[in-house]
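In what follows, chains carry the letters A, B, and so on, assigned in the order in which the sequence lines appear, proteins first and then strands, with residues in each chain numbered from 1.
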2 protein chains.
Amino acid sequence: MRLGKKIRILVADDHYIVRIGLVSLVNTAGDIEVVAEAADGSQAIELYEKHQPDLVLMDLRMTVKTGIEATIEIRRKHPKARVLVLSAFDGDADIRKAFEAGAQGYVLKSSTGEKLIPAIRAVAAGERWIPREVAHRLSSRNSYETLTTRELEVLNQIAKGLANKQIASHLGISEYTVKDHLKSILAKLRVADRTEAVSVSAQRGIIQL
Amino acid sequence: MRLGKKIRILVADDHYIVRIGLVSLVNTAGDIEVVAEAADGSQAIELYEKHQPDLVLMDLRMTVKTGIEATIEIRRKHPKARVLVLSAFDGDADIRKAFEAGAQGYVLKSSTGEKLIPAIRAVAAGERWIPREVAHRLSSRNSYETLTTRELEVLNQIAKGLANKQIASHLGISEYTVKDHLKSILAKLRVADRTEAVSVSAQRGIIQL
DNA sequence: TCCGACATCCCTCTTTGGAGGGGGGGATTC
DNA sequence: GAATCCCCCCCTCCAAAGAGGGATGTCGGA
């Protein structure tokens, strides 16, 4: 890495300040260079195609397309693509979704440069990179239970303030069934009622408000 | 500003990357320098005391103490302190609270350097700085109704999944009263039920989940 | 001083939520 | 082919939520 070609990275983050920060941080490293900057998920996909970088530094919560969606699409078209997620959020669902989408690493925005640069080098070299605090989020929640797609649909409608009856007619199913899904949502998230279900799942990154 | 003393600023943000970004952005300006960096609200207060900068660039959502709390405390001790809030969130409540806390400006993290540098110069010079998109958040929600402190207490407990009865005993009031507060919360936020109240108020920055 | 906002308490009534049961059918996996 | 998971439907029952009234006291501003 020291000599010869630099690691070419694409930075995707909707915050201008963050992109500047990454560029200047990476410049101090010497063996890494930012070849393109994307301000949302769609741009990230576009610019990946164009520049074929060695690695994408990907934020998760972006407009137009999320980092998860962008990661999935990039990885689908380019199975060798390397994605290092750089997120402000440490919800277990966010982390899990990132790896499921095909990311090889997950770093928190609060982490310092001494932690970020090695992560970039490692993931660019094909390794996985999961810092202790990130791994902890996953393991501590060992009894984590995944919501089914139907349960997620119901949960999202609940977050909008819809009543079971309304959800039922929206989904074209019986109110009994909505209640059944809700029951299992409450059980899986281990919460008391629909309201706590919404706040807990928002905290953990299961739903976006 | 061009000649002589530089504008001395304190940067407060819990994301290392953002702090780097701000430092390097500001360096390109020439007439501004970062004299200290804080990673949370308490540090911001501490470092303000120590360096007495011309301006604080303050993030809102930080650990230990929020940017709002830090701003209030700094302004209380130093009424001449100038604070420019730099936030990722554009919820009307966040914006409102920032100005109530004594900030003179509010810039979004997605805004580019050409917008941020003038904001820093303006606020440091004693002017107010409210970009169009920020002002719009406030005015579009013209029929915005403020929740009272009691209503906020109730709302926060609702977000935890507590039932009216439990909230009543926690606050030492009657369940009837809790229901009354809830009624006015629902009316003010114009939502259908407690669950939507939680998601809407979280979106708008009225409560933190 | 009167008014309005806030906080408190009270009552009734209807709807909704959620717990706790009972099923059935389809798909996948072992 | 048994087991498991998902999705779906149904029923009862009680507690909780929320709408719609009425009422009291305080406090600060017009």
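Put simply, the side chain of B:Thr71 does not reach to within 4.5 Å of the side chain of B:Leu60, judged on heavy atoms. Contact check for A:Glu127 versus A:Gln104: no side-chain heavy atoms found under the 4.5 Å cut-off. Side chains of B:Asp59 and B:Lys109 form a contact here, defined as non-hydrogen atoms less than 4.5 Å apart.
Protein atom CD1 of A:Ile158 is 11 Å distant from nucleotide atom C1' of C:dG18, rounded to whole Å. Summarising the geometry, the separation between CG on B:Leu171 and C1' on C:dC9 is reported as 15 Å, rounded to the nearest angstrom. With rounding to whole Å, B:Leu162 atom CG is found 14 Å from C:dG18 atom P. C:dT8 atom C1' lies 14 Å from atom CD of B:Glu153, rounded to whole Å. Rounded to an integer number of Å, the gap from B:Glu196 CD to C:dG17 C1' is 17 Å. If you take CD1 of B:Ile167 and C1' of C:dA7, they are 16 Å apart, rounded to a whole angstrom. Taking atom CD on B:Gln166 and atom P on D:dA15, their separation rounds to 15 Å, with Å as the unit. Residue B:Glu175 contributes atom CD, which lies 12 Å from atom P of C:dC9 at whole-angstrom precision.
The side chain of B:Asp180 lies closest to C:dC10 when the candidates are C:dA19, D:dC9, C:dC10. You'll find that the side chain of B:Asn164 is closest to D:dA17, out of D:dC10, D:dA17, C:dG18. The side chain of A:Arg194 lies closest to C:dG17 when the candidates are D:dC7, C:dA7, C:dG17. In this structure, the nucleotide among C:dA7, D:dA17, D:dA19 sitting nearest to the side chain of B:Thr149 is C:dA7. Listed nucleotides: C:dC9, C:dA7, D:dC10. Nearest to the side chain of A:Tyr176: D:dC10. Closest to the A:Thr148 side chain, of the nucleotides C:dA7, D:dC7, C:dC9, is D:dC7. Distance from the side chain of A:His181 is smallest for D:dC7 among the nucleotides C:dG20, D:dC9, D:dC7. The side chain of B:Ile173 approaches C:dT8 more closely than any other nucleotide in the set D:dT12, C:dG18, C:dT8.
B:Asp193 comes within contact range of the sugar-phosphate backbone alone, with a heavy-atom separation under 4.0 Å but no base atom that close. Residue A:Thr177 is in base contact, counting any heavy-atom pair closer than 4.0 Å across all strands shown. Residue B:Lys165 is in sugar-phosphate contact alone, with no base atom involved, counting any heavy-atom pair closer than 4.0 Å across all strands shown.
Counted by atom type alone, B:Ser110 and A:Tyr16 present zero donor-acceptor pairs between their side chains at under 3.5 Å.
Comparing B:Lys183 and A:Thr195 against DNA chain C, the residue whose closest nucleotide sits nearer the 5' end is B:Lys183.
Between B:Ser199 and A:Leu209, the closest heavy-atom pair is CB-CD2, 3.6 Å.
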